[in-house]
Protein chains: 2
Amino acid sequence: MPQIRLKDVANILGLSNSTVSKALNDSFEISDETKRKVQHTARLLNYTPNQVAVNLRKKHTKTIGVIIPTMVHHFFSKIIDGIIERAEKDGYLVIILQSNESISLEKKQVNLLIDKRVDGILISLSNETNEFVHLKKILSRNIPLILFDKIEPSIACSKVKIDDFEAAYSSVVFLIKKGYKKIAHFRGDFNPKNSVDRFNGYKQALLDNNIDFDPSLVFLCDNNSDFEDGYSNAKKLISDKIKVDAIFAITDLIAIGAIKYLKEQQIKVPEEIAVFGFSNWFMSSVISPTLSTVDQPAYKMGKVSMEILLDEIRTLKENKTVTHKEITLPTKLVIRNSC
Amino acid sequence: MPQIRLKDVANILGLSNSTVSKALNDSFEISDETKRKVQHTARLLNYTPNQVAVNLRKKHTKTIGVIIPTMVHHFFSKIIDGIIERAEKDGYLVIILQSNESISLEKKQVNLLIDKRVDGILISLSNETNEFVHLKKILSRNIPLILFDKIEPSIACSKVKIDDFEAAYSSVVFLIKKGYKKIAHFRGDFNPKNSVDRFNGYKQALLDNNIDFDPSLVFLCDNNSDFEDGYSNAKKLISDKIKVDAIFAITDLIAIGAIKYLKEQQIKVPEEIAVFGFSNWFMSSVISPTLSTVDQPAYKMGKVSMEILLDEIRTLKENKTVTHKEITLPTKLVIRNSC
DNA sequence: TTGTATGCGTTATCAA
DNA sequence: TTGATAACGCATACAA
């Protein structure tokens, strides 16, 4: 059977379109009597409004768009979880797009979302993203935009993130206080701000504790496969006979890769080399030794981002001016057996 | 600046709406000269058609809806990855909804999607789903529906799945051929067909090899936390002094949980107890011992499902009759060190 | 080759 | 309390 329209239920009841519409929307102009009648037969006919017509008329779509580097990553899938759950509560649907760490794809996705007339956009920037016209385009269209996790400070929009510098700093300080002195860093790519911040946190912690920063102790992880990166860098570290007593990895998976190699080489973790991760991915409590790491509140990040977006959409509709927020979610060290 | 409309560029050029529309859509009716002009100023003005108006007019939305039990699961996020990538190629956007393993939520999500007038729906059923009016509603609305992974045979729509029975059967046969005789099974819930199929595969493998099926060797995992389930069932198995030489787990994470407990108890895997998983989750090659398991083609499942959906949407639009497909994706045993 | 008119399914304004 | 009418932004049948 074809979709039944407003007009159909109007015809059946011998009423006009507009009365039926108003009745369905519970308008005060309509008598209880007809409201009841209309709602009854609407239900009977299984009528539900065509949202795309509603959207055209009301000039909103009740859908928001999300762009992330990749779906297949525990951290991001948890963020998405938070986003979707929060959006649903307010009746918003969410469209998810991946940039695959490519800026050109990211731009394309932005255009898709704009054309789709989403009511708001949430983005975690790709590692490649180093220019921002596409973000400015969103802003110039007056579409609320929230940047989360991988953000760009210079863009005038709300942001939700963690303090990567601080988290890295206190992790390394923790290692130092525990007595580790030669601490390697398995760092990430040079572009995303997070990676740089964590590196700086590592460096500063060293400096503040009178340990010289030694560039030969930092290893770059840029193969887009964290586990492999951790594994191969640990290998390099060992075969080059670089003396360290701890590794601060930028990611749990990198840490796990490193541990895997160390264990294969009969190098005891943490007795000979301690390892510290970042994210508190579920697996970090499962592997052995269990991994000390920084807890990163992914679900909450998604939820809070969505909350702010919803808020901006609302104030925009009321024609008030929106003031951008910059939220820094707290992280915490979770200390287990790898250090 | 406000969104610029078709009408705006028409006005500027002193042309009618329809010529502009046709020019933009590269219609043969329009002279190359005006096409050029129109397309030029359209680009200049940064004009892009309002998709919701287009949707209303063309009676499709170029978006498809997906309902899965949960996003935060490696298997599902890979499926979603496959779905999104394939959809994008044909210019479709995808809305993702979670059922959280609740049938009532699943029903709600279906309604949302129908009202949204998505062009097609992809569902992996929740564990709770034991009646199917909501699916029939989709079908009666003539919206193409594909069931994947967690399917229901009785619904007249295309399905893509793996052969859970076969995969379980050959896993257990493999264990038997290797000499294991007392094989426990850590099974899943009673409802989703997969879980039952795998259980039956396990049982049949035993029977076909003259090993008595012993109900006291099967353990139920139903806490919605696979790792914990595996851990606690291994614990139960050991503390009840049930003699087994192998465990066939319905999930990699359950297997990993079991291994974790066994290792804690200094029980050697696989020497004292072998463990076999299911899914070939990335971590199964990382833990030690590396886990033997069934490779389940998640990305491909998403891609193929989307492909079939696209196909059905197309043939529906051409007013041809669609014939439902039932695809069984091949799995394969990947043997590592846990057995 | 271009323009006019109509409709997609609603909501909202105004008149009855 | 109800109904006629216009409008949302675009595409298309038909007329010019």
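Every chain is numbered from 1 and lettered A, B, ... according to where its sequence line falls, protein lines coming before strand lines.
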Checklist outcome for this item: Comparing A:F28 with A:N17, nearest DNA chain D nucleotide closer to 5' gives the residue A:F28
Nearest-Å distance, [atom1] ([X]) to [atom2] ([N])?
X: B:H60; N: D:dC10; atom1: NE2; atom2: C1'; answer: 12 Å
X: A:L24; N: D:dT2; atom1: CG; atom2: C1'; answer: 15 Å
X: A:K22; N: D:dT2; atom1: NZ; atom2: C1'; answer: 7 Å
X: A:K37; N: D:dT1; atom1: NZ; atom2: C1'; answer: 12 Å
X: B:Q51; N: D:dG9; atom1: CD; atom2: P; answer: 14 Å
X: A:K58; N: C:dC8; atom1: NZ; atom2: P; answer: 21 Å
X: B:E29; N: D:dC14; atom1: CD; atom2: P; answer: 12 Å
X: A:I30; N: D:dG3; atom1: CD1; atom2: C1'; answer: 10 Å

Over 12 non-hydrogen atoms of neighbours within 6.0 angstrom of [atom1] in [X]:
X: B:K150; atom1: NZ; answer: yes
X: A:H40; atom1: NE2; answer: no
X: A:K300; atom1: NZ; answer: no

Of the listed nucleotides [options], the one nearest the side chain of [X]:
X: A:R5; options: D:dA11, C:dT10, D:dT12; value: C:dT10
X: B:L15; options: D:dC8, D:dG3, C:dT2; value: C:dT2
X: B:A53; options: D:dA11, D:dG9, C:dG9; value: D:dG9
X: B:T19; options: C:dG3, D:dC10, D:dG3; value: C:dG3

Checklist entry - So which one's nearest nucleotide on DNA chain C is more toward 5', B:G14 or B:R57? => result B:G14
Base, sugar-phosphate, or nothing for [X], non-hydrogen atoms under 4.0 angstrom?
X: B:L6; value: sugar-phosphate
X: A:N25; value: sugar-phosphate
X: B:S21; value: base

Item to check | Closest contact, heavy atoms only, A:A156 versus A:L139 | outcome: O-CD2, 3.8 Å
Checklist entry - Just checking, any donor-acceptor pair under 3.5 angstrom between side chains of A:Q98 and B:D81? => result yes
Checklist entry - Can you tell me if A:N194 and A:K161 form a side-chain donor-acceptor pair at under 3.5 Å? => result no
Next on the checklist: At less than 3.5 Å, do the side-chain atoms of B:S18 and the base atoms of C:dG3 form a donor-acceptor pair?
Outcome noted: yes
Item to check | C:dG9 base / B:K59 side chain donor-acceptor hit below 3.5 Å | outcome: no
Checklist entry - Does A:Y47 put a side-chain nitrogen or oxygen below 4.0 Å from OP1 or OP2 of C:dG9? => result no
Next on the checklist: Can you tell me if A:S31 touches the phosphate of D:dT2, counting only side-chain N or O atoms and a distance under 4.0 Å to OP1 or OP2?
Outcome noted: yes
